[in-house]
There are 2 protein chains.
Amino acid sequence: MTQHESDQPTCTMHRALNVVGEKWTFVVLRDVFNGIVRFDDLQEHTGIARPVLAKRLATLVEEGLLEQVPYRVEGQRTRSQYQLTPKGRDLYPVLITLRQWGDRYLSDASTPTKINRHKGCGSPVHAVFQCESGHIIDQMEEIEAMTIVGV
Amino acid sequence: MTQHESDQPTCTMHRALNVVGEKWTFVVLRDVFNGIVRFDDLQEHTGIARPVLAKRLATLVEEGLLEQVPYRVEGQRTRSQYQLTPKGRDLYPVLITLRQWGDRYLSDASTPTKINRHKGCGSPVHAVFQCESGHIIDQMEEIEAMTIVGV
DNA sequence: CGGTATCCTGAAAGATACTG
DNA sequence: CAGTATCTTTCAGGATACCG
C-alpha cells in the first residue's frame with residue numbers, strides 16, 4: 001500500500017516524523033537553538049549542501065517551525081535570519097531526549113558532552129515523566145498506554 | 001565536505017540520528033513498544049514493504065536496540081519475535097515527546113489520541129524535565145545548555 | 001511465518017557554479 | 001550574504017515473487 005500525500009497517517013507521532021523526520025532537520029534545528037540563525041553560518045557549521053539547506057529551511061518555514069525575519073545592524077544593509085516559532089521551540093524536549101540518549105549510548109572521547117542545567121539552581125536536568133496527580137515517574141514500566149478514539 | 005562512514009559526527013544527537021533517523025525507524029519502534037513484535041504483524045500494521053522492514057529490523061538488532069528471540073507456544077512450532085533491549089527502551093522518552101508534539105500541533109478529528117497513564121493512579125503523564133536538585137521544569141526557558149569538553 | 005532475491009523508481013542529497 | 005540553477009548520484013524505499 002503506497003502512501004499518497006493525501007492520506008496522512010492517523011498516528012500523530014508518524015505525522016510529526018513527516019514534518020521533522022528528514023535527515024538534516026534536527027541538525028538544523030539544533031543549530032538554530034544554539035543561536036546559529038543565518039544561512040551561510042548554518043551552511044558552514046552543518047556542512048549541508050546549500051540547495052539542501054535551502055529546501056530544509058523552506059520546509060521548516062512552511063510548516064511554521066521557523067520564521068524568516070529581516071534585521072539590520074546600524075550602517076549595514078538588511079540581512080535575514082531564521083527564528084523559532086513557538087511550534088518550533090516546542091520541539092526542544094525531543095532534541096534534548098534524543099541527545100541524552102546519544103550521550104548515554106554513542107559518546108566517546110571525541111564527543112563533547114552537552115549538559116543542560118536548570119537556570120538559577122545550576123543542576124543538570126534530564127527528562128522524566130510526570131502525571132497530572134503530580135507523581136514523578138522515571139521508570140517507564142509504571143506507564144501504560146491507552147488509546148482514546150474520537151479525540 | 002562529504003561525510004564518510006569513518007568520520008562520525010561529534011554531536012551525539014547527530015550520531016543518534018544516524019542510528020534511528022531513518023524514515024520508518026520510530027514507527028517500527030512504536031509498534032514494538034505497543035507489543036507488536038512479530039515480522040508479519042509489524043509488516044501488516046505498518047504497511048512497510050517487507051524488504052524494507054527486514055532491513056530496518058536488522059539495523060535495530062545490529063545497533064543493539066532490539067533482540068531477536070525465539071519463543072514457542074506449547075504444541076506449535078518455534079517462532080521468533082523482537083524484544084527491546086534497555087538501549088532500545090531508553091528511546092521511550094524520545095517517542096513520547098515526539099508524539100506529544102504531534103498531538104499538540106498535528107492532530108485533527110481523525111487522529112486517535114494516545115494517552116499515557118500512570119499505572120495505579122491512572123492520571124495522564126507527560127514528559128517534563130527534572131534537575132538533580134529535584135526541581136520540575138516545564139518551561140524550557142528555564143534550561144540553559146553548556147558544553148563540557150573532554151567528557 | 002519470517003523472511004530473501006530481484007528489479008525498479010523517485011526523491012533526497014551532493015557538487016559546482018552563478019546571481020542580486 | 002543568501003540564496004538559485006543545473007546536473008549527477010546514491011540509496012532508501014517499494015512491488016513482486018519466491019523459499020525453508
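Reckoned from all heavy atoms, side chains included, excluding hydrogens, waters and symmetry mates.
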query = Tell me: CG of A:Asp41 to P of D:dG3, nearest whole Å?
reply = 12 Å

request  = For A:Trp24 and C:dG14, give me the distance from atom CH2 to atom C1', rounded to whole Å.
outcome  = 11 Å

task = Grab the CZ-P distance between B:Arg38 and C:dC1 for me, whole Å please.
result = 6 Å

message = Is the shortest side-chain heavy-atom distance between A:Phe129 and A:Asp138 below 4.5 Å?
response = no

task = Output yes when B:Asp31 and B:Arg38 qualify as a salt bridge under the 4.0 Å nitrogen-oxygen rule, no when they do not.
result = no

request  = Using five base pairs at each end, measure the axis-to-axis angle across the helix from C:dC1-D:dG20 to C:dG20-D:dC1 and round it to 10 degrees.
outcome  = 60°

key: Pair A:Arg79 + A:Asp40, salt bridge at N-O below 4.0 Å   = no

note = Scanning both residues in full, the closest heavy-atom pair of A:Ile36 with A:Leu42 reads O-CD2, 3.4 Å

request  = For A:Asn116 and A:Tyr92, run side-chain hydrogen bond (donor to acceptor under 3.5 Å, both in side chains): C-alpha distance rounded to whole Å, both residues' side-chain angles, the deciding distance at 0.1 Å, then the answer.
outcome  = CA-CA 12 Å; A:Asn116 294 91; A:Tyr92 198 57; 3.2 Å; yes

query = With sequence neighbours excluded, what pairs up with B:Cys131 under the side chain to side chain contact (heavy atoms under 4.5 Å, CB included) test?
reply = A:His118, A:Cys121, A:Ser123, A:Val125, B:Ser133, B:His135, B:Ile137

message = Just checking A:Glu44: does its CD atom have more than 12 heavy atoms from other residues, nucleotides or ligands closer to it than 6.0 angstrom?
response = no

ask   = OP1, OP2 of D:dA2 versus side-chain N and O of A:Thr78: anything below 4.0 Å?
value = no

inquiry  = I'd like to know if the side chain of A:Gln83 reaches the main chain of A:Val69, judged simply by a donor and an acceptor atom lying under 3.5 Å from each other, with no hydrogens or angles considered.
reply    = no

ask   = Nearest-Å distance, CD (B:Glu22) to P (C:dA12)?
value = 15 Å

Nearest-angstrom distance from the residue atom CZ of A:Phe39 to P of D:dG3 = 6 Å

key: For atom CD of B:Gln43 and atom P of D:dG13, their distance in whole Å   = 14 Å

task = Measure from CD1 on B:Ile48 to C1' on D:dG13 and round the result to the nearest Å.
result = 10 Å

message = Tell me the closest heavy-atom pair linking A:Thr111 and B:Thr10, and the distance in Å.
response = CG2-O, 3.1 Å

ask   = Roughly, in whole Å, what's the span from NZ in A:Lys23 to C1' in D:dG13?
value = 15 Å

note = Against the side chain of A:Tyr82, the closest entry in D:dG3, C:dC1, C:dA13 is D:dG3

task = Look at the side chain of B:Arg50 and the base of C:dG2, then say whether one donor and one acceptor between them are separated by less than 3.5 Å.
result = yes

key: Strand-adjacent residues in residues 51-65 of chain A, judged by heavy atoms under 4.0 Å from DNA chain C   = A:Pro51, A:Val52, A:Arg56

ask   = Reckon B:Gln68 touches a base, only the sugar-phosphate, or nothing at all at heavy-atom distances under 4.0 Å?
value = sugar-phosphate

